[in-house]
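Next up is a structure, given as structure tokens.
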Amino acid sequence: MAGQQTDGEVAAVDILSHYIDDPDFLDEAGREPTDFLLKTFINFMVALRDPVGAALPWLVYNLATHPRVVSGVREELVPVVSRASSAAGTVVFEPEELKDLVYLRAALFESLRLFPSGPIERKTVIADDVLPSGHKVHAGETVLVPVYSKRRMESVWGGDCREYRPERWLSEDGARLRFVPSYKFLSFNTGPRSCLGKNIAVAQMMSVAAVVWNFDVEVAEGHAVEQKLSVVLQMKNGLMVKVKKTGECV
Ligand code: HEM
């Protein structure tokens, strides 16, 4: 994030300092942070770390159990690898080099579709209203959207809704991402309270490309991959994997 200019240079500023330095978030005396600022920080601490931490193991798991998708991602990476740098025989990618890769992005969205970091979306009604479906809601009531279950509804995602199939995100020629409305996908929420960090999260998760290119990953034999009953969809037992450098013999 760009900050104040010093001698023509733009100094880097982290997102928290950006808020702290904003006088709008201090009390009237300009000294103490407002309640809103404290809540914003808590929001960022929860929103930043947990959803990506929960989503990455599911992505690695989906890739490890779908070699066909790994081949597709590697194929897409071939032209990028020729430009990328490498350290100690391991190819390293910059976010800029990965941002336009559609198949990798589709693999990521498909993993978040099946395993949304927030499996339930909870809203509190502030005023009596009628939903587009015709359902009446009253102030103070809670509306729960079962995001996780919606992924497994044939009426929403089709007969293959339980399958991990990145192709559903792609145009027919595979060259572009298909438009999927945010109210259907919902992993980043929809409407005015949508995830503010979606692009950062996607950029962070695209870095899984380095794992896909440099390593063969297998789920450890006998390891039980299970979902944890929680507001964040984590893996109950974590993910234990066997990792081998690509091209190396066992
Ligand atoms: C895979 C990663 C992520 C997923 C699946 C995700 C998903 C979501 C969802 C579903 C919400 C709405 C929560 C609600 O109101 O019920 C949300 C809100 C939010 N997210 Fe994310 N998020 C991710 C990563 C991030 C990251 C990396 C950041 C920050 C850099 C971030 C910042 C936020 C913020 C600030 C909000 C609150 C927006 C508001 O209340 O107006 N998220 N996120």
Side-chain angles (χ1 to χ4, degrees), residues 1-3 12-20 22 24-25 33-63 73 95 98-99 101 104-126 129 131 137 140-152 156-157 164 166 169 177 180-212 227-235 238-239:
M1 182 176 289
V13 164
D14 64 89
I15 200 158
L16 296 188
S17 307
H18 179 74
Y19 277 104
I20 292 167
D22 189 333
D24 285 352
F25 294 117
T34 57
D35 191 41
F36 180 78
L37 180 61
L38 295 173
K39 284 182 175 151
T40 301
F41 279 0
I42 292 171
N43 199 358
F44 264 100
M45 280 156 61
V46 176
L48 248 148
R49 195 197 58 175
D50 289 355
V52 177
L56 269 176
W58 290 115
L59 175 58
V60 172
Y61 165 72
N62 279 316
L63 291 168
V73 174
L98 302 173
K99 70 177 181 20
L101 301 187
L104 177 61
R105 200 172 276 251
L108 191 163
F109 284 163
E110 179 66 346
S111 185
L112 273 173
R113 181 186 75 82
L114 281 171
F115 301 100
S117 303
I120 289 181
E121 187 58 53
R122 177 184 184 276
K123 295 282 175 251
T124 303
V125 180
I126 51 168
D129 206 348
L131 300 181
V137 289
E141 286 178 356
T142 297
V143 177
L144 293 176
V145 182
V147 180
Y148 177 89
S149 314
K150 218 177 138 212
R151 310 311 161 80
R152 285 146 177 88
V156 180
W157 287 98
Y164 178 69
W169 291 88
L177 282 171
V180 176
S182 56
Y183 58 81
K184 179 177 175 188
F185 182 38
L186 269 181
S187 283
F188 291 104
N189 206 0
T190 186
R193 303 306 295 265
S194 289
C195 176
L196 292 176
K198 178 182 170 186
N199 292 340
I200 298 177
V202 170
Q204 283 180 342
M205 291 180 69
M206 296 276 274
S207 63
V208 80
V211 176
V212 174
Q227 295 153 22
K228 188 171 168 182
L229 201 58
S230 154
V231 285
V232 178
L233 187 60
Q234 291 163 335
M235 280 189 180
L239 181 64

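Note: hydrogens, waters and symmetry copies are ignored here, and every other heavy atom, side chains too, is used. Because the structure is a prediction, the values reported are computed rather than measured. Just so you know, ligand 1 is whichever comes first in the structure, and atom 1 is the first atom listed for that ligand.
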Can you list the atoms of ligand 1 that are under 4.0 Å from a heavy atom of K123?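 Selected atoms, number and element: 14 (C), 15 (O), 16 (O).
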Is there a side-chain contact between F188 and V202 (heavy atoms, below 4.5 Å)?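 When only atoms from C-beta onward are counted, V202 and F188 do touch, with a gap below 4.5 Å.
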On the ring face of F115, is R113 found with NZ or CZ under 6.0 Å from the centre and within 45° of the axis?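 No, a cation-pi geometry is absent between R113 and F115.
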I'd like to check which ligand 1 atoms, numbered from 1 as shown, lie under 4.0 Å from a non-hydrogen atom of I200.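 Heavy-atom distances to I200 below 4.0 Å select 30 (C).
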Side-chain donor/acceptor of S230 to backbone N/O of L233, under 3.5 Å: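 No; judged by distance alone, with no hydrogens or angles, the pair does not exist.
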Identity and distance of the protein heavy atom lying nearest atom 34 (C) of ligand 1: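 I find the closest protein heavy atom is A47 CB, 3.8 Å.
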Polar side-chain atom of S194 near backbone of G191 as donor-acceptor pair, under 3.5 Å: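 Looks like yes, one N/O pair under 3.5 Å.
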Could you say whether the N/O atoms of R193 and ligand 1 ever approach to under 3.5 Å?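 Yes, R193 has an N/O under 3.5 Å of an N/O on ligand 1.
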Residue selection (non-hydrogen contact nearest atom 31 (C) of ligand 1) among P192, P119, G197: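 Of the listed residues, G197 has the closest heavy atom.
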Contact between M205 and ligand 1, counting heavy atoms under 4.0 Å?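 M205 counts as a contact of ligand 1 under the 4.0 Å cut-off.
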Distance to 0.1 Å, residue and atom name: give those for the protein heavy atom nearest to atom 23 (C) of ligand 1.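 Minimum-distance protein heavy atom for atom 23 (C) of ligand 1 reads P51 CB, 3.6 Å.
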Which residue and atom name correspond to the protein heavy atom nearest atom 42 (N) of ligand 1, and how close is it?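 Heavy-atom neighbour on the protein nearest atom 42 (N) of ligand 1: C195 SG, 3.0 Å.
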So, 4.0 Å and heavy atoms of S187: is ligand 1 close enough to count as a contact?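 Contact present.
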Ligand-residue contact atoms, ligand 1 with E121, heavy atoms, under 4.0 Å: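 Listed by number with element, the hits are 10 (C), 14 (C), 15 (O), 16 (O).
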Please answer whether the main-chain N or O of W169 pairs with a side-chain N or O of R105 as donor and acceptor at a distance below 3.5 Å.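 It does not hold such a pair.
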With no hydrogens and no angle check, is any side-chain donor or acceptor of N62 less than 3.5 Å from a backbone partner on W58?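 At least one qualifying donor-acceptor pair exists.
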Any atom of ligand 1 sitting under 4.0 Å from a heavy atom of S194?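 A heavy atom of S194 does come that close to ligand 1.
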I'd like to know if R122 contacts ligand 1, where contact means a heavy-atom distance under 4.0 Å to any ligand atom.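 R122 does not count as a contact of ligand 1 under the 4.0 Å cut-off.
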Using modelled atom types and a 3.5 Å cut-off, is there a donor and acceptor pairing between side-chain atoms of T190 and backbone atoms of L186?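 No; zero donor-acceptor contacts below 3.5 Å.
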Who's the nearest protein heavy-atom neighbour of atom 12 (C) of ligand 1, and how far?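 Minimum-distance protein heavy atom for atom 12 (C) of ligand 1 reads N189 ND2, 3.4 Å.
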Purely on distance, is any nitrogen or oxygen of S117 under 3.5 Å from one on ligand 1?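 For ligand 1, there is no N or O atom that lies under 3.5 Å from one belonging to S117.
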Cation-pi between K150 and W157: NZ/CZ under 6.0 Å from ring centre and within 45° of the ring axis?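 Here K150 fails the 6.0 Å and 45° test against W157.
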Are any side-chain N or O atoms of Y164 and backbone N or O atoms of L114, one a donor and one an acceptor, separated by less than 3.5 Å?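 It does not hold such a pair.
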